[in-house]
Protein chains: 4
Amino acid sequence: MKRKGPKYEKIIDAAVNVIAKHGYHQSQVSKIAKEAGVADGTIYLYFKNKEDLLVSVFNEKMGTFIEKTENELKSNDSAIEKLKTLVEMHFKQLTADFELSIVTQLELRQTNRQLRAKIGEVLKRYLNLIDSILKDGMDEGVFVRDMDYRLARQMIFGTIDETATNWVMNDHRYDLPALAGPVHQMLVNGLAIRSAQTETHS
Amino acid sequence: MKRKGPKYEKIIDAAVNVIAKHGYHQSQVSKIAKEAGVADGTIYLYFKNKEDLLVSVFNEKMGTFIEKTENELKSNDSAIEKLKTLVEMHFKQLTADFELSIVTQLELRQTNRQLRAKIGEVLKRYLNLIDSILKDGMDEGVFVRDMDYRLARQMIFGTIDETATNWVMNDHRYDLPALAGPVHQMLVNGLAIRSAQTETHS
Amino acid sequence: MKRKGPKYEKIIDAAVNVIAKHGYHQSQVSKIAKEAGVADGTIYLYFKNKEDLLVSVFNEKMGTFIEKTENELKSNDSAIEKLKTLVEMHFKQLTADFELSIVTQLELRQTNRQLRAKIGEVLKRYLNLIDSILKDGMDEGVFVRDMDYRLARQMIFGTIDETATNWVMNDHRYDLPALAGPVHQMLVNGLAIRSAQTETHS
Amino acid sequence: MKRKGPKYEKIIDAAVNVIAKHGYHQSQVSKIAKEAGVADGTIYLYFKNKEDLLVSVFNEKMGTFIEKTENELKSNDSAIEKLKTLVEMHFKQLTADFELSIVTQLELRQTNRQLRAKIGEVLKRYLNLIDSILKDGMDEGVFVRDMDYRLARQMIFGTIDETATNWVMNDHRYDLPALAGPVHQMLVNGLAIRSAQTETHS
DNA sequence: CATGAATGAGTGTTCATTCAT
DNA sequence: AATGAATGAACACTCATTCAT
C-alpha cells in the first residue's frame with residue numbers, strides 16, 4: 001500500500017474534482033480513476049478500498065487546512081483574537097477552494113456512520129485547537145470561567161460549520177470571509193445587548 | 001395514494017425503528033414492510049416510492065416536533081425566555097424518542113441532495129420560528145439591533161444541532177435537557193465575561 | 001363465471017380501448033377495470049384470469065368478424081368472386097374499427113406462446129372459410145387442381161395479414177379497402193404476366 | 001461497450017438457446033449469462049441493456065441470413081429464378097437452425113413496439129432485396145408492369161413468413177425447403193389455372 | 001508497478017389475483 | 001353480485017473489488 005508518490009496525489013485530487021462535480025453518490029471508483037488518468041486497479045495499489053480513499057481525501061485536505069490554521073494561531077495574541085483568526089482562517093480557506101468546500105460541507109456528509117466516525121477522528125485535531133483557545137481565554141480571565149468547554153466548543157464549531165454549509169448551499173453567492181467578524185462578535189458577546197441587564201440564570 | 005389510516009402510521013413508525021436499528025443504508029423497503037407487518041407492495045399503496053416514504057417520515061415526525069415547539073412559544077414570555085424554551089423543547093423532544101434522534105441527527109443526513117432538499121423544506125418552518133424569536137428580541141431591545149439575523153439563526157441552529165448530534169454520537173450517555181440552560185446562556189451572553197471589556201470591533 | 005351480461009361486454013370493450021390506446025404491455029387489469037367502470041375484482045367474476053379476458057376479447061371480436069364474412073360468402077358466386085369478397089370484407093371490417101385493427105394486428109401478437117395458441121384456435125374458423133373457397137375453386141376447375149391447399153391458405157392469409165399489418169403500422173394512412181382488388185388480382189393471377197411463358201417447374 | 005470478441009458471440013448464441021428453450025418471457029438476463037458461462041455483469045460490458053442484447057441477436061443472425069441471401073442473388077438469373085432462390089434460401093436457412101427459427105418466427109415477435117421497431121429496421125434490408133427482384137422482373141417484362149410493388153412485396157413476404165411460422169408452430173414436423181417450389185409457383189402464377197379465363201377486374 | 005476485463009451480490013417496484021366485507 | 005385493499009413473487013442493472021497478464 002503506497003501512501004505517497006505522484007499518482008497518490010493525482011488520485012486524491014481527482015476524487016475531489018469528481019465528487020464536487022458529480023456528487024458523492026455519482027463518484028464511482030472507475031470515474032475517479034479515469035479523472036486521475038490511471039486504471040481502476042491502480043487505485044487499489046494506493047488505497048485499501050474506496051472508504052480508505054475517501055477518508056484519505058478528508059485527511060489530506062483537512063490536514064493542510066488544520067496546519068495552516070495552527071500556524072496562524074502561534075502568535076501571542078489574546079484568546080479572543082485567536083478565535084477571530086480561527087474563524088477567519090476557516091472561511092478564507094473554504095473560499096480559496098470551492099470544490100473542497102462542496103466536498104467537505106455537503107458531499108462527504110452523505111456517508112455511513114462508520115466513515116463519518118473516521119472523519120470525526122481527523123476533526124479532533126481541529127476541535128483540540130478550539131479547546132486550547134478556550135482554555136487560553138479562561139486562563140486569561142476573558143472567557144467565562146465555569147463554562148462547559150465542550151459546549152463552548154460545540155457552539156463555536158456548530159456555528160462556523162452551519163454558516164459555511166449555508167454559504168455552500170447558496171452556491172457561494174456571498175462573501176463568506178466578510179462574515180468572520182460578525183460571527184466572531186456573536187460568539188464572544190452573544191445575542192444580547194451588552195449594556196442591558198440580560199444575565200440569565202440556568 | 002392513501003396518506004392516512006392505521007397502516008400509514010405503522011409504516012412510518014416501522015421505518016423509524018428500522019433506520020435507527022440498522023442504519024440508513026441497510027433499511028430496505030422489504031425490511032421496513034416486515035417490521036410494519038405488511039407486504040412489500042402495501043408500502044406503495046401509501047407512498048409513491050422509497051424517497052417519498054423517507055420524506056414522509058421526516059415530515060410527520062418533524063411536523064409534530066415543530067408544532068409542539070410552536071405551542072410552547074405562544075406565551076407572552078420575553079424573547080430571551082422563548083429562546084430558552086426553544087432549546088429546552090428541542091433537547092427534551094429528542095430525549096423523549098431516542099430512535100427518532102438517531103434517525104434525524106445521523107441517518108437521514110446520509111441521503112442524496114434531492115432528498116435533503118425536501119427535508120430542508122420542512123426545516124424552514126423551524127428556522128422561521130427562530131427568526132421570529134430573534135425579531136421579537138430586537139423589537140424588545142434585548143438583542144443586538146444591527147445583528148445579521150441570518151447569522152444569528154445559524155448560530156442558534158448550528159449550536160443546538162451540533163450539541164444534539166454529539167449527544168447522539170456519544171450514545172445518549174448524558175442528560176441532554178440539562179444542557180439547555182448552559183447552551184442558552186452561551187447563546188445569549190457569548191463566551192466572554194460580562195463585566196470584562198470584551199467588545200470586539202469587526 | 002358469468003359469461004354474459006352488460007358488464008361482460010363493458011369489460012370486453014374497455015379492454016379493446018385500453019389496449020389500443022396504451023398498448024398490450026401497459027394494459028393492466030386495474031386500468032381495464034377503471035375504463036369499464038367496475039372494480040378490479042369484478043373482472044374475475046366474468047373471466048377466469050387476464051389471459052381468459054384477452055382470449056375472450058379476440059373470440060368476441062373475431063367471432064363477429066368471421067360471422068359477417070361467412071354471411072357474405074353464402075352467395076352462389078364463383079370461388080374467385082368469393083375470394084374477392086373475403087379480402088374486401090377483411091379490409092372493410094378492419095377499416096370500420098381502427099381500435100380493433102390495432103389490437104388484433106399489433107398488440108395481441110405480443111403475447112406468449114400459450115395465449116397465441118388459443119388465439120390460433122379461434123382463427124381456425126377463419127382459415128376453414130378460406131379452405132372452403134379453395135375447395136370450391138378446385139371443384140369448379142378454376143384453381144390449380146394439384147395445389148397444396150394448406151400452402152394456398154397460407155399465401156392468402158399471409159398476404160392479407162401482412163397487408164393489413166403494414167396498413168396499421170403506417171397509422172392507417174391510406175385506403176385499405178381500395179387494395180382489396182389489386183391484392184385479389186395478385187393472389188389469383190400471381191406476379192407473372194398471363195400471356196408470358198412463365199410456367200416454372202419445381 | 002465492446003461489440004466483438006469471443007464472449008460477445010457466446011452471449012449472442014446463449015441468448016438464442018435460452019429464448020428458444022424457455023421462451024421470450026422466461027429468458028432472464030441471469031439465465032442467458034449462465035448459459036453463456038459468464039457473470040451477469042459481463043453482459044453489460046458488451047450490451048447496453050437487455051433490449052440492446054435482443055436487438056443485437058436479431059441483427060447478427062438476420063444480418064448473416066440476409067448476406068447469404070444477397071450472395072446467392074448475385075447471379076445473372078432471371079427475376080423469376082431469383083425469386084425461387086430467395087424462397088429456397090429463406091426456408092433452407094431456417095431449417096439449418098431450428099433454434100433460430102423459433103426465436104425469429106415466434107419469440108421475438110412478443111416484444112414491445114419499441115423493440116419491434118428496431119427489428120423492423122433490420123428487416124428493411126431484406127424487404128429491399130425483394131423489391132429489387134420485383135423491379136428486375138418488371139424490367140424484364142415477366143412481372144405485371146403496373147403492379148403495386150409494395151403489395152407484391154407484402155404478398156411475397158407475407159406468404160413466406162406465414163409458411164415458415166406454420167412450420168415452426170407445427171414443431172418443424174415437415175420438410176420446409178421442399179415447399180419452396182410450390183410456394184414459388186403460387187407466387188408467380190397465382191391460384192388460378194393458367195389456361196383458364198381467370199382474369200379478374202377490380 | 002500498472003492494467004482493465006471480469007465478477008456477482010444486492011434491491012426498489014409492479015401488478016395479477018384473492019377474499020373479507 | 002360487487003368491491004378494492006392487500007398480497008408477494010419476480011428481475012434488470014450497478015459497481016467495488018480482484019487478478020491474470
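Computed from a predicted structure; not experimentally measured. Labels below follow one simple rule: chain letters A, B, ... track the order of the sequence lines, proteins then strands, and each chain is numbered from 1.
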Check your understanding: Rounded to whole angstroms, how far apart are CG on D:Leu54 and C1' on F:dA12?
Key -> 12 Å
Review point. Which heavy atom of D:Leu115 sits nearest a heavy atom of D:Val55, and at what distance?
Key: CD1-CG2, 2.9 Å
Practice item. With heavy atoms under 4.0 Å as the rule, sort D:Val29 into base, sugar-phosphate or nothing. Key: sugar-phosphate
Check your understanding: Where each residue is assigned the nucleotide of DNA chain E containing its nearest heavy atom, which of D:Lys2 and B:Ser27 is assigned the position nearer the 5′ end?
Key -> D:Lys2
Point to revise | B:Val38, nearest nucleotide to its side chain (from F:dT18, E:dT3, F:dT7) | key: F:dT7
Practice item. Look through every strand shown and name the nucleotide pairing with E:dA5 as Watson-Crick or G-U wobble, where both distances are under 3.5 Å. Key: F:dT18
Check your understanding: Whole Å only: how far is the OH atom of A:Tyr44 from the P atom of E:dG4?
Key -> 16 Å
Study note, to complete from the structure: C:Ile43 CD1 to E:dC19 P, in whole Å, measures 18 Å
Review point. Do any side-chain nitrogens or oxygens of C:Thr42 fall under 4.0 Å of OP1 or OP2 in F:dT3?
Key: yes
Exercise for review: For F:dA2, take OP1 and OP2 only and decide whether either is under 4.0 Å from a side-chain N or O of C:Lys7.
Suggested key: yes
Point to revise | Phosphate contact (E:dC15 OP1 or OP2) by C:Ser30 side-chain N/O below 4.0 Å | key: no
Review point. Expressed in whole Å, how much space separates the P atoms belonging to E:dC1 and F:dT21?
Key: 23 Å
Check your understanding: What class does the angle between the rings of B:Tyr46 and B:Tyr8 fall in, given that below 30° is parallel, 30 to 60° is tilted and above 60° is perpendicular?
Key -> tilted
Practice item. For the pair D:Glu107 (side chain) and D:Tyr24 (backbone), establish whether a donor and an acceptor sit closer than 3.5 Å, ignoring hydrogens and angles. Key: yes
Check your understanding: Ignoring hydrogens and geometry, is there a side-chain-to-backbone donor-acceptor pair from C:Arg116 to C:Thr111 under 3.5 Å?
Key -> yes
Practice item. Look at all strands and tell whether A:Tyr46 reaches a base, only sugar-phosphate, or nothing, counting heavy atoms closer than 4.0 Å. Key: sugar-phosphate
Revision key, fill the gap. B:Phe47 CZ to F:dA6 C1', in whole Å, measures 15 Å
**Study point:** Whole-Å distance separating the CD1 atom of C:Ile32 from the P atom of F:dG4
**Key:** 17 Å
Practice item. Between A:Asp40 and D:Lys48, name the one whose nearest nucleotide on DNA chain F is closer to the 5' end. Key: D:Lys48
Review point. Counting distance only, does the side-chain N/O of A:Thr42 pair as donor-acceptor with the main-chain N or O of A:Val38 below 3.5 Å?
Key: no
Review point. If you find the nucleotide of DNA chain F closest to C:Gly37 and the one closest to D:Glu51, which residue's nucleotide is nearer the 5' end?
Key: C:Gly37
Point to revise | Earlier contact from the 5' end, DNA chain E, for B:Gln28 and D:Leu45 | key: D:Leu45
Practice item. Let me know the distance between NE2 of B:His25 and C1' of F:dT14, rounded to the nearest Å. Key: 15 Å
Exercise for review: Specify the separation, in whole Å, of atom CE of D:Met1 and atom C1' of E:dA5.
Suggested key: 13 Å
